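Take a look at the structure below.
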2 protein chains.
Amino acid sequence: MKIERFAEGISLKRSVEAGTADQRKAVQDIIYDVRKSGNAALHTYTERFDGVSPGELLVSEQEMEDATAALTAEQLDIIQEAANNIRMFHEKQIRNSWFTTDDTGTMLGQKLTPLDAVGVYVPGGTAAYPSSVLMNALPAKAAGVERIVMVSPPGKDGKLSPAVLAAAKIAGVKEIYKVGGAQAIAALAYGTETIKKVDKIVGPGNIYVALAKREVFGDVAIDMIAGPSEIAILADETAIAAEVAADLLSQAEHDVRACSVLVTTSTSLAEEVASEVTKQVALLPRHDIAAASIRDYGRIVVCGKMAEAVEAINELAPEHLEIVTKDALEIMAKIRHAGAIFIGRFSSEPVGDYFAGPNHVLPTNGTARFSSPLNVDDFQKKSSIIMYSETAFRKNAEKIAAFARMEGLEAHARAIESRSVNESGKGPE
Amino acid sequence: MKIERFAEGISLKRSVEAGTADQRKAVQDIIYDVRKSGNAALHTYTERFDGVSPGELLVSEQEMEDATAALTAEQLDIIQEAANNIRMFHEKQIRNSWFTTDDTGTMLGQKLTPLDAVGVYVPGGTAAYPSSVLMNALPAKAAGVERIVMVSPPGKDGKLSPAVLAAAKIAGVKEIYKVGGAQAIAALAYGTETIKKVDKIVGPGNIYVALAKREVFGDVAIDMIAGPSEIAILADETAIAAEVAADLLSQAEHDVRACSVLVTTSTSLAEEVASEVTKQVALLPRHDIAAASIRDYGRIVVCGKMAEAVEAINELAPEHLEIVTKDALEIMAKIRHAGAIFIGRFSSEPVGDYFAGPNHVLPTNGTARFSSPLNVDDFQKKSSIIMYSETAFRKNAEKIAAFARMEGLEAHARAIESRSVNESGKGPE
């Protein structure tokens with residue numbers, strides 16, 4: 001890895017896949033077909049893209065049992081324990097409806113309601129991640145969503161990954177369909193004979209899934225369009241180079257376009273990490289991916305002062321940030337933009353990917369400036385509550401009418417004034 | 001208004017303006033030009049679309065003072081009192097960072113941070129609404145956003161509406177630019193020599209503004225793409241027809257495509273409201289707009305039972321809902337989908353548009369199924385905090401590594417294991 005000096009205006013070289021015009025057109029056509037032909041279109045596209053006839057779309061009880069049987073007891077225990085941790089962390093986020101009252105009887109507040117139905121997209125093939133099932137489904141569960149629907153493309157054998165199904169079972173997801181790609185997103189957004197439509201779609205996917213989510217956005221809610229994974233490690237001379245290098249590589253193995261960046265105040269750490277990365281990357285099974293990612297998107301930035309290093313991190317707004325320094329909590333306080341902040345030597349990033357409890361669905365590509373990790377708020381919505389008392393109304397009616405007239409909205413003013421001419425009405429309060 | 005009987009699968013006839021291909025192309029070109037030519041493009045488009053040369057883009061101190069002087073003391077007092085109410089309601093929504101600890105020293109939590117910079121779009125011309133300034137800027141203020149930038153197209157005199165500027169002053173907005181349309185959205189999203197870019201853009205606008213927001217979405221956050229306004233009134237025989245009719249018309253005057261719907265268990269109320277609407281609409285200054293809206297999008301639905309009426313409302317998921325019935329609070333509890341719920345005879349919808357405190361920026365077009373009124377959460381984002389103790393790490397390291405290997409991510413497992421080979425390292429914790 002090349003070592004560079006800090007300079008203002010540092011920014012990650014990032015790669016956002018926007019899709020080609022052809023890909024967008026293909027996705028629009030698929031969505032159109034699913035809206036028109038429903039299940040028939042799902043079958044056609046599954047045969048075309050997944051090379052398999054799915055038969056029944058719905059995953060059966062038997063398939064769920066088979067999946068569980070395919071995992072070891074130890075594996076099931078680990079998924080279960082991770083699920084418990086994730087559930088606990090997300091249940092702490094649940095918010096209540098609230099209201100204020102005044103002594104005239106006016107009540108104002110927010111009513112919180114879980115979404116009715118949420119769709120979780122789970123990629124298939126080599127990227128079948130049980131952790132992704134837990135991280136997307138459990139926050140919805142914690143929010144109180146009654147219907148959670150999972151979709152995932154079948155493999156060549158017509159089945160879903162046992163680990164994915166086992167994770168779904170542990171997460172309490174019961175409605176699972178063997179369909180993937182843009183066609184699955186269309187089915188979730190608009191419904192078919194078999195799959196009732198949902199209110200929100202979450203979960204990662206390939207470029208076609210991402211484009212389809214963007215296409216249906218507005219008709220249903222979506223989580224975010226995730227980019228390649230990123231890690232920034234903020235470290236000083238107290239960090240251990242072999243550990244820093246291993247953590248950088250844990251992101252790099254995800255994708256040739258993943259970004260791994262070390263920002264440090266220590267020139268000697270910078271040099272040691274560079275050499276450790278070279279040593280370790282050669283030994284990885286996903287060597288080609290990790291090496292390409294480090295070559296194209298890996299960076300080591302040396303800063304003269306910790307204040308500069310903090311500035312660099314806020315400029316980057318990374319998805320994952322590790323702080324491995326003296327006084328790491330004080331530094332954390334100065335970080336304004338990061339999806340997840342891992343503090344101290346023992347908070348290696350995979351701790352959060354799988355197990356600690358916080359979500360691993362995080363804002364990428366600098367969107368940590370304005371976005372949050374997937375959380376319970378994403379599955380609860382608010383309705384404002386306004387119960388105005390007669391006293392409050394009489395006191396403020398003239399002002400409200402005057403405000404409406406300032407904006408030229410006479411009917412608004414008259415709606416207020418209609419109450420004044422009905423002083424002794426048969427009003428319901 | 002035509003009176004219809006309740007039938008399952010009721011849904012509002014709604015009109016969503018998606019824009020034509022030509023409009024989308026025009027917006028893309030404008031954005032491209034602003035990114036390339038900055039201020040020069042802003043001047044060109046302002047001259048072309050607003051028919052005026054804006055001179056300095058930034059609104060001067062003098063212009064702010066002139067605006068305030070143009071309003072009466074009474075008008076300023078009303079705006080100030082509304083601002084106080086809105087501020088108070090939104091300050092109640094502010095959330096704190098939180099964390100949990102366990103006795104091994106592990107700390108997990110969420111760090112909440114206000115966005116750095118927010119742009120507020122304020123329409124110009126005849127739709128210059130000071131209330132819109134308050135409703136968009138004050139939640140951002142309450143969240144702690146330091147930089148709030150307002151943009152609005154200048155009138156033929158090269159100036160902004162005095163009421164809009166006065167509201168901005170009261171809301172504490174100091175950075176205001178005389179530029180509107182897609183060019184203003186592009187400037188906020190990407191920056192020019194004069195206008196530094198922001199992290200999120202909120203506020204209503206015409207079709208070009210809406211398309212531009214959709215176009216820049218992802219590079220910055222946006223609030224929502226608002227559709228025409230909607231009101232549903234759920235009323236029984238205790239409601240007063242003249243008041244119900246006046247409230248329906250207060251939405252209808254906004255837009256020929258606004259939706260006004262009465263859902264009632266009372267046939268006689270239905271008939272009285274229909275005749276009141278006819279009577280009142282004729283007397284409105286914006287008669288043409290209101291009459292067209294009522295003709296094309298107005299409905300009266302009569303239900304046999306209150307349970308049906310509640311079902312109808314949840315099916316509609318209206319932007320505004322008034323409940324004017326006996327036991328209105330019990331009925332409110334059953335409403336799952338509505339942007340704002342107005343309870344009782346004295347909670348006429350304009351009470352919420354201007355004065356009570358809750359936000360008037362609300363989800364339209366059925367998106368109340370999954371979206372919320374504009375609120376403080378929209379201007380704060382979260383970062384996950386993970387500080388794993390050495391004890392927790394040692395206890396769980398093997399499980400985390402095993403989970404990573406279940407997903408085929410060997411470098412993740414090795415990142416965890418790199419800590420084990422460094423037991424007595426110079427680690428910083």
Side-chain angles (χ1 to χ4, degrees), chain A residues 78 108 113 115 129 199-200 221 238 240 242-243 246-247 249-250 253 284-285 336 338 340-348 350-352 354-358 369-370 372-373 381-388 390 393 399-400 402-404 407 410-412 414-416 418 422 425 427-429, chain B residues 78 108 113 115 129 199-200 221 238 240 242-243 246-247 249-250 253 284-285 336 338 340-348 350-352 354-358 369-370 372-373 381-388 390 393 399-400 402-404 407 410-412 414-416 418 422 425 427-429:
Chain A
I78 293 171
L108 302 174
T113 315
L115 305 194
Y129 296 143
D199 298 306
K200 182 163 191 165
T238 64
I240 297 171
E243 299 174 6
D247 288 7
L249 288 170
S250 77
E253 79 169 333
L284 287 177
R336 295 182 61 78
I341 306 175
F342 296 77
I343 300 162
R345 186 187 154 205
F346 292 103
S347 305
S348 175
V351 166
Y354 298 115
F355 206 77
R369 291 186 65 84
F370 49 76
S372 304
K381 34 79 179 195
K382 300 156 200 124
S383 302
S384 298
I385 299 296
I386 299 169
M387 187 171 83
Y388 227 43
E390 178 167 4
F393 181 84
K399 296 177 231 174
I400 298 170
F403 205 139
E407 298 194 341
E410 179 66 21
H412 283 61
R414 293 192 192 172
I416 296 296
S418 73
N422 280 299
E429 40 59 76
Chain B
I78 294 172
L108 302 174
T113 316
L115 305 194
Y129 295 143
D199 298 307
K200 182 164 191 165
T238 64
I240 297 170
E243 299 174 5
D247 288 7
L249 288 170
S250 77
E253 80 169 334
L284 287 177
R336 295 182 59 79
I341 306 175
F342 297 77
I343 300 162
R345 187 187 153 204
F346 292 103
S347 306
S348 175
V351 167
Y354 298 115
F355 206 78
R369 290 186 67 82
F370 49 76
S372 304
K381 34 79 180 197
K382 301 157 199 121
S383 302
S384 298
I385 299 296
I386 299 170
M387 186 169 83
Y388 227 43
E390 177 166 3
F393 181 84
K399 296 178 231 171
I400 298 169
F403 205 139
E407 298 195 340
E410 179 65 22
H412 284 61
R414 292 191 192 172
I416 296 295
S418 72
N422 280 299
E429 41 57 80

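None of these values were measured; they are calculated from a predicted model.
Summarising the geometry of Leu108(A) relative to Ala356(B), their closest heavy-atom pair is CD1-O, 3.6 Å, with the distance given to 0.1 Å.
Looking at Glu410(B), its side chain never comes within 3.5 Å of a backbone N or O of Pro285(A) through a donor-acceptor pair. Formation of a donor-acceptor pair under 3.5 Å by the Ser418(B) side chain with backbone atoms of Ala242(A) is not found in this model.
Counting heavy-atom pairs closer than 4.5 Å to chain A, the top-ranked of the candidates Ala404(B), Gly357(B), Gly352(B) is Ala404(B). Between chain B and the residues Lys382(A), Met387(A), Lys399(A), the most heavy-atom pairs under 4.5 angstrom are made by Lys382(A). Ranking Leu115(A), Ile400(A), Thr113(A) against chain B, the residue ahead of the rest is Ile400(A), based on heavy-atom pairs under 4.5 Å.
From Arg414(B), atom CZ reaches atom OG of Ser250(A) across 12.5 Å, with rounding to the nearest 0.5 Å. If you take OH on Tyr129(A) and CD on Glu407(B), they are separated by 6.5 Å, rounding to the nearest 0.5 Å. Atoms NZ and OG, on Lys381(A) and Ser372(B) in that order, are 8.0 Å from each other to the nearest 0.5 Å. Interatomic distance, Ile416(B) CD1 to Glu243(A) CD, rounded to the nearest 0.5 Å: 10.5 Å.
Both the backbone and the side chain of Tyr388(B) come within less than 4.5 Å of a heavy atom of chain A. For chain A, the nearby parts of Ser383(B) are the backbone and the side chain; heavy atoms of each come within less than 4.5 Å. There is no contact between Lys200(B) and chain A, counting heavy-atom distances below 4.5 Å.
Note on ring orientation: taking the six-membered ring where Trp is involved, the planes of Phe346(A) and Phe393(B) are tilted (angle from 30° to 60°).
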